[in-house]
Amino acid sequence: MARTDAIEPIRVILAEDHALVREGTRRILEATGDIVVVAEAADGEEAVLAVSLNQPDVAIIDIGMPGINGIEATRRIKENSPQVSVLILTMHDDEQFIFAVIEAGAAGYLLKDVDGTQLIDAVKALRAGESVLHPAVAQKVLARLASGEEGQRRSDVEESLTDRELEVLQFAASGMANKEIGERLGVSVRTVEAHLSHVFRKLDVGSRTEAILHGLRQGWFTVEELEPWP
């Protein structure tokens with residue numbers, strides 16, 4: 001009798017303009033047996049089209065691609081397919097790129113010095129609704145926010161979030177996974193996901209990472225109050 005409890009593989013779009021890098025990345029991802037690359041793209045336009053046609057779970061996007069860059073491609077992907085998680089995989093760690101792509105809706109940002117295991121873990125984390133930031137990127141984000149460059153002020157939006165939603169967002173900002181948040185609050189993972197979904201809708205953001213940055217900017221919690229990001 002065929003098994004009915006098999007877990008569906010994570011469907012990924014891979015957008016990278018260097019064919020050799022794409023091939024190597026694809027092999028790393030698919031070697032796990034848990035991930036399948038359903039389409040590849042060599043530029044930003046192809047990436048947006050590939051996502052539209054295939055509706056993957058995760059889109060891995062490089063920033064420096066011909067035509068529209070990874071930032072604009074991310075923005076278009078999130079506008080057309082908000083349920084798709086975008087993971088930036090790039091050599092660039094400049095703040096202007098980091099903040100621009102997070103504002104565009106990327107849920108993760110990794111540098112190309114990560115190893116295969118870290119990339120696989122990141123894809124799985126995004127599939128589970130988590131956010132992923134390379135440690136060097138996370139340090140830049142927190143340093144910039146701590147310096148006050150992004151501005152920290154409270155807004156009327158805070159009033160529209162419930163106490164529980166704010167609590168879940170702060171736990172998320174501290175680096176806790178949805179399962180850990182659920183255990184801390186004594187609720188199911190689905191309940192945590194529902195709270196985060198409501199937060200995203202109310203804040204008009206497309207990812208956990210973007211919601212966390214919004215909360216920090218608005219002063220709902222401070223960098224000093226949070227545990228280090230993973």
Side-chain angles (χ1 to χ4, degrees), residues 57-59 61 71 74-88 95 97-110 122-135 137-146 148-182 184-185 187-230:
D57 300 301
V58 178
I61 308 289
I71 298 170
T74 297
R75 183 176 295 109
R76 295 187 188 183
I77 287 170
K78 295 303 292 185
E79 287 177 352
N80 299 331
S81 306
Q83 78 285 358
V84 175
S85 296
V86 175
L87 171 62
I88 298 299
E95 289 186 17
F97 292 124
I98 295 169
F99 279 89
V101 81
I102 290 175
E103 291 286 2
Y109 197 113
L110 292 183
V123 170
K124 291 181 178 179
L126 263 60
R127 165 70 175 272
E130 314 297 342
S131 59
V132 177
L133 292 179
H134 188 285
V137 171
Q139 289 175 2
K140 289 179 181 290
V141 170
L142 292 180
R144 183 168 174 181
L145 289 168
E149 290 181 23
E150 290 300 305
Q152 293 201 352
R153 57 183 174 78
R154 297 189 177 267
S155 79
D156 294 338
V157 178
E158 180 181 8
E159 300 302 321
S160 70
L161 297 183
T162 66
D163 290 342
R164 178 49 59 89
E165 287 166 354
L166 281 169
E167 188 175 26
V168 167
L169 182 58
Q170 182 164 352
F171 281 142
S174 73
M176 294 175 65
N178 290 353
K179 181 179 180 181
E180 294 172 319
I181 297 174
R184 178 74 67 88
L185 297 177
V187 299
S188 69
V189 172
R190 286 186 177 276
T191 298
V192 174
E193 292 173 347
H195 285 312
L196 286 172
S197 178
H198 294 156
V199 170
F200 296 169
R201 177 176 52 78
K202 290 178 179 180
L203 300 184
D204 191 26
V205 298
S207 73
R208 180 183 173 121
T209 304
E210 197 178 355
I212 291 169
L213 288 179
H214 186 96
L216 284 166
R217 287 171 175 166
Q218 301 304 327
W220 300 344
F221 36 82
T222 66
V223 172
E224 291 73 19
E225 293 172 336
L226 306 180
E227 301 170 11
W229 288 19

Would you name the heavy atoms of [X] and [Y] that are closest together and state the gap between them?
X: Leu87; Y: Tyr109; answer: CD1-N, 4.0 Å
X: Leu110; Y: Ala122; answer: CD1-CB, 3.6 Å
X: Leu161; Y: Lys202; answer: CD2-CD, 3.5 Å
X: Ala106; Y: Thr74; answer: N-CG2, 3.7 Å
X: Asn178; Y: Glu130; answer: N-OE2, 2.9 Å
X: Leu126; Y: Ser85; answer: O-OG, 3.6 Å

Can you check whether Thr191 reaches Leu185 side chain to side chain, under 4.5 Å on heavy atoms?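 No; the side chains remain at least 4.5 Å from each other.
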Close side-chain approach of Val189 to Glu193, heavy-atom, < 4.5 Å: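 Yes, at least one pair of side-chain atoms sits under 4.5 Å.
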What do the steps show when you test Val101 against Ile61 for side-chain contact (heavy atoms from CB on, under 4.5 Å), and what is the final call? CA-CA 10 Å; Val101 81; Ile61 308 289; over 6 Å; no
For Glu180, the side-chain hydrogen bond (donor to acceptor under 3.5 Å, both in side chains) test, sequence neighbours excluded, returns none
Set of side-chain hydrogen bond (donor to acceptor under 3.5 Å, both in side chains) partners for Ser197, sequence neighbours left out: none
If you round to the nearest 0.5 Å, how far is [atom2] of [Y] from [atom1] of [X]?
X: Phe99; Y: Ile71; atom1: CZ; atom2: CD1; value: 13.0 Å
X: Arg201; Y: Ser160; atom1: CZ; atom2: OG; value: 9.0 Å
X: Leu196; Y: Leu203; atom1: CG; atom2: CG; value: 10.5 Å
X: Ile77; Y: Gln83; atom1: CD1; atom2: CD; value: 11.0 Å

Any salt bridge (charged side-chain N to carboxylate O under 4.0 Å, His left out) pairs touching residues 166-178, not counting sequence neighbours?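 Residue pairs passing salt bridge (charged side-chain N to carboxylate O under 4.0 Å, His left out), neighbours aside: Arg164-Glu167.
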Quick one: does any side-chain atom of Lys78 pair with a main-chain N or O of Val84 as donor and acceptor, under 3.5 Å? yes
For Phe97 and Ile88, run side-chain contact (heavy atoms from CB on, under 4.5 Å): C-alpha distance rounded to whole Å, both residues' side-chain angles, the deciding distance at 0.1 Å, then the answer. CA-CA 10 Å; Phe97 292 124; Ile88 298 299; over 6 Å; no
